[in-house]
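Note sheet for the following structure.
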Amino acid sequence: MTTDPSTPGVPDDAPETDDLPEQLRIRREKRERLLERGVEAYPVGVPVTHTIAAVREAYGHLEAGQETQDVVGLAGRVVFLRNTGKLCFVTLQDGEGNRLQAMLSLAEVGEESLADFKSDVDLGDHLFVHGRVGSSRRGELSVFAGEWRMAAKSLRPLPVLHKDLSEEARVRQRYVDLIARPAARDMVRVRAGVVRSLRENFHRRGFLEIETPMLQTQAGGATARPFSTHMNAFDIELFLRIAPELFLKRAVVGGVEKVFEINRNFRNEGADSTHSPEFAMLEAYEAYGDYDTIGALTQDLVQTAAQEVFGSTTVTLHDGSEYELGGEWPRLRMYESLSQSLGEEITSDTSVEHLEKLADRLGIDLGNKRFINHGKLVEVLWEHQVGDHLFAPTFVCDFPVETSPLTRDHRSAKGQVEKWDLYVRGFELGTGYSELVDPVIQRQRFEAQALLAAAGDDEAMRIDEDFLAAMEHAMPPSGGMGMGIDRLLMALTGVGVRETILFPLVKPQG
RNA sequence: GCGCCAUUAGCUCAAUUGGCAGAGCAGCUGACUCUUAAUCAGCGGGUUCUAGGUUCAAGUCCUAGAUGGCGCACCA
C-alpha cells in the first residue's frame, strides 16, 4: 500500500479528476458516459428473478450446447470479462463466490447495446443480465442474454484475482479481500456458524443470554490493563470492560442461574498474531455446577461447533493438516505435571526462593516479571516445562491461589484453586472455575490484589464494593467458564487472530 | 517496549557493483460469434513509503520517521 487506503491517491477535496490514477479516472468517465446516455450507474434496483446459486442448482445438469427457453434475470459482480468481437463472455459472482457466465451476442442484444457493453462494463461492476438459460458449446452453464443493465458501477479496479492480496491489504480493505479470496468469504460464514452453534447449544441447555455493561466505573473480572475514557454527563472516568465476569455473577446472585454472554472485551495490551485489543468473549455461569460440569460443557460446546460447522470433530487447518478435537480431553494437574517434569515435588509450600532458583537453572528470564510471587513462579515454570509442549486439547487443572482471585479454594488440595485452563494447539483457548462465592474470602482476595496494585501492579484487581455487596446476598455454588471466540476460530481453522476478525483494528497509516 | 526484514504502476512482484525504473495481470486503441487467468497487434500508466544526507549520479548507501511481517517481552 503506497497510498491512503480510504481514497488512494485522491485528496478528499479534489475538484478535478485530472490528477487521479489512470484507472480511477477512466472509470469515472465511464460512469459519466452512462449518465449522459440517460442510463443510471446506480439504479434503485434491477429485476432479479433468480440467484446465481438457484440457476446452477436448477440447470447444472444441462449438457454442452443444450439450450432452454427458460428466461431468468440475475445480477452479480463481474469477475471475468472476455470480449470477442460479436460475442462477449462475462462471469458474474455472488457474495458466496458462486459464479455464472453470461453470453452477449450481437444477434441477441443488438449492435448498440453490445458496443455499450464493451465500452462501459469493467471488472468489479455489478451487472444485471436477462435471458435464456443454456449451456455453451464448451459446456459452461450460461445465460444467453438478450439484455444487460448496469446494477452498480465500480469506480476502482479489482485486484488480480489469481494472486492473494498482501496480508496488509487484506486487513485494511477486507471488502476487497472478501470479493477476491474464497478463504475470506468462508471465514465470515464459519464464524457465524460457530457463534450460532454456541448460542443454540446454550439455549438447548436452558441458559439465558444477557448483556452486561461495557462501560464500567471499575474494570474487573480479569487481570489486564483496561482502556479508559471519560463520561461528560457525570464527569467521571470510565473503563471499557476487560471481562463481564463480575456482572454475570451479580446476575446469578439475582437468580439468573444459568447464564451466558457473547460479547466484546477490551484490553489495552500488545497486539500480535494471537492477541487483539478488542476480542469476542464467551462467558457462562451455571448455578449448582462446578469446574468439572463446566469443563464438560466447554468440551461439548467446542466439539458440537466443530461437528455442526465442519461435520466432524477432526478439523482441517489452514495449512492442510488435521487436528483432532474429538473424544474426552485429558486433565493434567498443574503441580503434578510440573513436579513430574522437574523430577522433584513442587507444592504450594515450595518457597519463592527455591522456585526462583529453579527458574534460574532452567534459564528462564524473570527480569521483566514484576510482582513475582509463588503462584506466578509456578505458572511461569509450568508454561516453560509443560505448557509450551502441549498440542492436543488438554484441561490443565488446579492452579495456585495467588493468581486466581475469583476462584474458590480447592476442595482437597491446599493452596490451590479449582480452576482449569483449556489448551488447544499450544495456546490457551478458555478457562473455567468452581466460582468463589464466599464473600469474606472474596474480600480478602481483593485486598491482596489491592496490595499489589498499591505496589504498582497496574493489572491487579481493585476492591469492588458493589460486587462484594452482591456476593454478600449469597451466590449459589457455581461453575463458570470463559472462552475467546476469536481463539476458538483459530483453533478450528488454524489461521491468525486477524483473519478471524472481519475488521481488526489496524494502525492508521502516515 | 527491543531486535531483524520489508515497503517500487490499480494488484502481485522484478531491477546485477550506485549508472536510462521493468514484467504479469489490470487499463486504453484496434481485430476476432464459444471464451473461460481467451488470443493477436499497438499504446499509455511511477512522489520507487516520508523527510533529510553522501555522491558527477541513489529504488540501491547513511540518518531519522511512518506502516507492515517475523522473533523476543507482556498478555487471553
Side-chain angles (χ1 to χ4, degrees), chain A residues 1-5 8-9 19-27 29-30 64-65 79-91 99-109 114 118-119 122-124 134-142 144 154-173 176-177 180 222-225 242-243 265-277 279-281 365-370 379-380 383 421-423 427-431 458-459 482-488 490 496-498 506-510:
Chain A
M1 292 294 301
T2 62
T3 52
D4 177 354
D19 295 337
L20 287 176
E22 180 189 37
Q23 300 204 34
L24 303 185
R25 179 173 50 77
I26 286 168
R27 283 163 181 258
E29 288 167 4
K30 290 181 178 183
V79 289
F80 288 116
L81 201 52
R82 295 172 288 278
N83 293 338
T84 66
K86 301 184 182 65
L87 179 63
C88 295
F89 301 85
V90 59
T91 301
R99 291 177 174 178
L100 191 68
Q101 170 173 280
M103 295 164 64
L104 296 91
S105 71
L106 178 65
E108 295 207 39
V109 301
L114 191 67
K118 287 194 219 177
S119 65
D122 283 308
L123 290 174
S135 179
S136 75
R137 278 179 220 159
R138 297 290 172 86
E140 181 75 31
L141 185 62
S142 305
F144 297 98
S154 173
L155 297 184
R156 290 172 189 259
L158 229 45
V160 178
L161 294 178
H162 321 297
K163 291 192 172 181
D164 282 350
L165 284 174
S166 65
E167 271 186 78
E168 185 175 3
R170 286 186 204 174
V171 166
R172 288 193 189 272
Q173 293 182 274
V176 174
D177 190 33
T223 53
R225 277 193 298 275
I242 55 175
N265 289 347
F266 307 87
R267 297 189 185 177
N268 206 342
E269 290 165 350
D272 61 26
S273 62
T274 54
H275 298 83
S276 171
F279 61 102
M281 187 77 180
D365 180 19
L366 297 171
N368 292 325
K369 305 209 183 289
R370 298 173 300 164
E379 288 189 12
V380 167
E383 276 166 31
D421 269 2
L422 172 58
Y423 277 71
F427 61 84
E428 196 186 323
L429 175 59
T431 189
D458 51 10
E459 291 184 0
M483 181 162 63
I485 300 293
D486 316 289
R487 293 200 155 190
L488 176 55
M490 290 166 63
V497 72
R498 279 186 220 69
V506 285
K507 245 184 174 175
Q509 290 172 315

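In what follows, chains carry the letters A, B, and so on, assigned in the order in which the sequence lines appear, proteins first and then strands, with residues in each chain numbered from 1. FYI, side chains are in, hydrogens and waters are out, and symmetry mates aren't considered; it's all heavy atoms of this structure.
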[atom1] gap between [N] and [M], integer Å:
N: rA14(B); M: rG52(B); atom1: C1'; answer: 28 Å
N: rG59(B); M: rG46(B); atom1: P; answer: 16 Å
N: rC62(B); M: rA58(B); atom1: P; answer: 15 Å
N: rU8(B); M: rA23(B); atom1: C1'; answer: 13 Å
N: rA64(B); M: rC5(B); atom1: P; answer: 14 Å
N: rA51(B); M: rA9(B); atom1: P; answer: 16 Å
N: rG19(B); M: rC61(B); atom1: P; answer: 11 Å
N: rG18(B); M: rG53(B); atom1: C1'; answer: 15 Å

As an exercise, state the distance from [atom1] of [X] to [atom2] of [Y], rounded to the nearest 0.5 Å.
X: K118(A); Y: K86(A); atom1: NZ; atom2: NZ; answer: 8.0 Å
X: R156(A); Y: D122(A); atom1: CZ; atom2: CG; answer: 14.0 Å
X: R99(A); Y: T91(A); atom1: CZ; atom2: OG1; answer: 7.5 Å

Counting any heavy atom closer than 4.0 Å, what does [X] reach on the DNA or RNA strands: base, sugar-phosphate only, or nothing?
X: A180(A); result: nothing
X: R267(A); result: base
X: K30(A); result: sugar-phosphate
X: M281(A); result: nothing
X: F427(A); result: nothing
X: N83(A); result: base
X: T91(A); result: nothing
X: L165(A); result: sugar-phosphate
X: R99(A); result: nothing
X: I26(A); result: sugar-phosphate
X: E140(A); result: base

Any strand is fair game: report the nucleotide pairing with [N] by Watson-Crick or G-U wobble, both distances under 3.5 Å, or none.
N: rG52(B); result: rC62(B)
N: rU16(B); result: none
N: rG45(B); result: none
N: rC11(B); result: rG24(B)
N: rC34(B); result: none
N: rG71(B); result: rC2(B)

Contacts of G139(A) and P159(A) projected onto RNA chain B by closest heavy atom; the upstream (5') one is P159(A)
Assign each of A107(A) and L161(A) the nucleotide of RNA chain B bearing its closest heavy atom; nearer the 5' end lies the nucleotide of L161(A)
Closest heavy-atom contact between S105(A) and L87(A)? CB-CD1, 3.7 Å
Could you tell me which non-hydrogen atom of R27(A) sits nearest to which non-hydrogen atom of L158(A), and how far apart they are? NH2-N, 4.5 Å
Polar side-chain contact Q23(A)-rG10(B) base: donor and acceptor under 3.5 Å: yes
Among rG27(B), rC34(B), rG69(B), find the nucleotide with the atom closest to the side chain of E167(A). rG69(B)
Would you mind telling me which of rA76(B), rG68(B), rG10(B) lies closest to the side-chain atoms of P21(A)? rG10(B)
Please give, in whole Å, the distance from [N] [atom2] to [X] [atom1]?
X: E22(A); N: rA26(B); atom1: CD; atom2: C1'; answer: 10 Å
X: K86(A); N: rA31(B); atom1: NZ; atom2: C1'; answer: 9 Å
X: L81(A); N: rU39(B); atom1: CG; atom2: P; answer: 13 Å
X: E108(A); N: rC34(B); atom1: CD; atom2: P; answer: 14 Å
X: L87(A); N: rU39(B); atom1: CG; atom2: P; answer: 17 Å
X: K163(A); N: rC11(B); atom1: NZ; atom2: C1'; answer: 9 Å
X: R498(A); N: rC70(B); atom1: CZ; atom2: P; answer: 6 Å
X: F144(A); N: rU33(B); atom1: CZ; atom2: P; answer: 17 Å

Can you see if the side chain of [X] gets near the phosphate of [N] - specifically, an N or O under 4.0 Å from OP1 or OP2?
X: R172(A); N: rG68(B); value: yes
X: T84(A); N: rA31(B); value: no
X: T223(A); N: rA76(B); value: yes

Would you mind telling me which of E22(A), Q23(A), E29(A) makes a side-chain hydrogen bond (donor to acceptor under 3.5 Å, both in side chains) with R25(A)? E29(A)
Are the side chains of F89(A) and E140(A) in contact, using a 4.5 Å heavy-atom criterion? no
If we require ring centres under 5.5 Å and near-parallel planes under 30°, does F80(A) stack on rA37(B)? no
